[in-house]
Amino acid sequence: MPELPEVEFVARQLQTELVGSRVVSAHVSWARTIGDMDTREFAERVARQTVRRIGRRGKLLLIFLDGGDVLAIHRRMSGNLYISPPATEDPYTRVSFSLDDGRRLLYSDPRKFGRLSLVAETDLDATFAGLGPEPLAREFTPDALAQRLATTKRAIKATLLDQAVIAGLGNIYADEALYCAGIHPLRPANSLTRDEIVALHGGIQTVLETGIRYGGTTIGRHRDAFNEAGTNVAHLNVYQHTGQPCRRCGTPIRRIVVAQRGTHYCPHCQPDSTVREKRPAIRE
DNA sequence: CTATAAACCTGCTGGC
DNA sequence: TGCCAGCAGGTTTATA
């Protein structure tokens with residue numbers, strides 16, 4: 001699943017590859033991918049614009065065009081954006097862009113959840129409405145995190161997934177950050193101590209930076225801008241490690257469901273002082 | 001405010 | 001071996 005590191009890695013690759021390239025034409029083969037915009041209007045508007053720079057906000061990949069438009073891409077569950085040689089076929093292509101140098105930029109998405117929206121750069125604020133701070137920005141301090149956690153009693157795992165609280169965390173990195181900080185996923189957000197918040201802040205930044213360094217986590221379908229898998233899966237400690245021994249203490253990793261999401265944690269390293277488990281520990 | 005569920009989709013897995 | 005129900009999860013919307 002593309003979360004912040006997967007989007008950031010692709011953004012950096014495309015910044016090198018795509019800036020200065022001009023879009024010759026666009027073809028939409030699954031209309032809902034571009035939302036409510038008319039297919040023909042989308043194609044006509046994007047054609048002949050040149051890529052000026054690439055950006056990212058949360059899980060949104062931003063392609064700034066010199067005609068004043070921004071292509072904002074959210075890959076959701078299974079979307080990939082990559083540069084493809086002219087001949088190759090991808091059965092899951094939903095939108096394709098032909099570039100002036102003969103290359104093609106493909107948006108491929110088996111489950112069709114992802115969205116490409118073409119917005120005027122002057123309207124970007126509306127696109128970003130409801131997004132919390134960037135977790136790797138300087139302004140994202142432990143104090144900033146503390147402020148946002150203090151106002152809710154929701155489970156910390158659910159709170160970390162809320163894009164209005166922090167932009168860019170998804171199911172994988174939320175679990176990893178909580179493990180890194182030694183915090184149980186069901187702890188109420190407003191119950192964290194100052195020390196725990198500092199640890200969580202550090203954990204969030206650590207797991208995201210590691211994810212970027214290794215090209216993102218490829219478990220299902222994530223691919224980078226060259227259609228290559230990332231290798232961060234080797235650096236995960238709990239996500240989809242159910243039953244496997246914790247790398248720190250050997251206790252089997254447990255899986256529970258929090259806010260309708262599979263949630264993985266180490267019962268020993270992420271102890272639970274305030275939350276009562278649904279299945280109480282068996283005493284011998 | 002908070003929680004829960006359904007909808008959007010299809011590939012993949014596990015059970016029989 | 002083959003079939004199929006159900007799971008996977010980011011986001012929005014609806015409902016309690």
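No experiment lies behind these values; they were computed from the predicted model shown.
- Comparing B:dT2, C:dT11, B:dT4 by their nearest atom to the side chain of A:Q260 picks out B:dT4.
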Report each atom pair, protein N/O against N/O of nucleotides 6-8 of chain C, whose distance is under 3.5 angstrom.
{"from": "C:dA8", "atom 1": "OP1", "to": "A:R255", "atom 2": "NH2", "distance (Å)": "2.5"}
{"from": "C:dA8", "atom 1": "N1", "to": "A:R111", "atom 2": "NH2", "distance (Å)": "3.1"}
{"from": "C:dA8", "atom 1": "N3", "to": "A:R111", "atom 2": "NH1", "distance (Å)": "3.1"}

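- Applying the 5.5 angstrom centroid cut-off and the 30 degree plane-angle cut-off, the aromatic ring of A:F113 is not stacked upon the base of C:dT11.
- Remark: C1' of B:dG11 and CD1 of A:I219 are 16 Å apart, rounded to the nearest angstrom.
- A:R115 comes within contact range of no nucleotide atom at all, as no heavy-atom separation falls under 4.0 Å.
- Across all strands, A:T152 comes closer than 4.0 Å only to sugar-phosphate atoms, never to a base (heavy-atom distances).
- The CG atom of A:D109 sits 11 Å away from the C1' atom of B:dC8 (whole-angstrom rounding).
- Ring geometry for A:F140 versus A:H201: interplanar angle under 30°, hence parallel rather than tilted (30 to 60°).
- Listed candidates were B:dG11, B:dT2, B:dC9. Nearest to the side chain of A:W30 is B:dC9.
- Atom CG in A:L4 sits about 11 Å away from atom P in C:dT11, given to the nearest Å.
- Distances were taken from every side-chain heavy atom of A:K153 (C-beta onward) to each of B:dT2, C:dG10, B:dC9; the shortest belongs to B:dT2.
- Cluster annotation: A:L62 is not connected to A:L71 through the hydrophobic network of ILVMFWY side chains, with a link wherever side-chain heavy atoms come within less than 4.5 Å.
- Out of C:dT12, B:dC9, B:dC12, the shortest distance to the side chain of A:R221 is found at B:dC12.
- The minimum heavy-atom distance linking A:P85 with A:R104 is given by the pair O-NH2, 3.6 Å.
- The listed nucleotides are C:dT11, B:dG11, B:dC8; the one nearest the side chain of A:R32 is B:dC8.
- With rounding to whole Å, A:Q163 atom CD is found 9 Å from C:dG10 atom P.
- The nucleotide whose nearest atom lies closest to any side-chain atom of A:K112 is, among B:dC9, C:dG10, B:dA5, B:dC9.
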Can A:R103 and A:E17 be said to form a salt bridge (charged side-chain N to carboxylate O under 4.0 Å, His left out), step by step?
-> CA-CA 11 Å; A:R103 295 181 301 174; A:E17 286 295 314; 2.8 Å; yes
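- Taking atom CG on A:L160 and atom P on C:dT11, their separation rounds to 14 Å, with Å as the unit.
- Under the 3.5 Å distance criterion, the side-chain polar atoms of A:E176 are matched with a main-chain donor or acceptor of A:N237.
- If you take atom P in B:dA6 and the same atom in C:dG6, they sit 13 Å apart, rounded to whole Å.
- The CG atom of A:D162 sits 12 Å away from the C1' atom of B:dT2 (whole-angstrom rounding).
- By the rule that hydrophobic residues join a cluster once side-chain heavy atoms approach within less than 4.5 Å of another member, A:V7 and A:I172 end up as members of separate clusters.
- Closest approach of A:L106 to A:S84, counting heavy atoms only: CD1-CB, 3.7 Å.
- Look at CG on A:L186: it is 15 Å from C1' on B:dT2, rounded to the nearest Å.
- A:R154 comes within 4.0 angstrom of the backbone, heavy atoms only, and of no base.
- Rounded to an integer number of Å, the gap from CG of A:L161 to P of C:dT11 is 9 Å.
- Of all heavy-atom pairs spanning A:R57 and A:P133, the tightest one is NH1-C, 4.3 Å.
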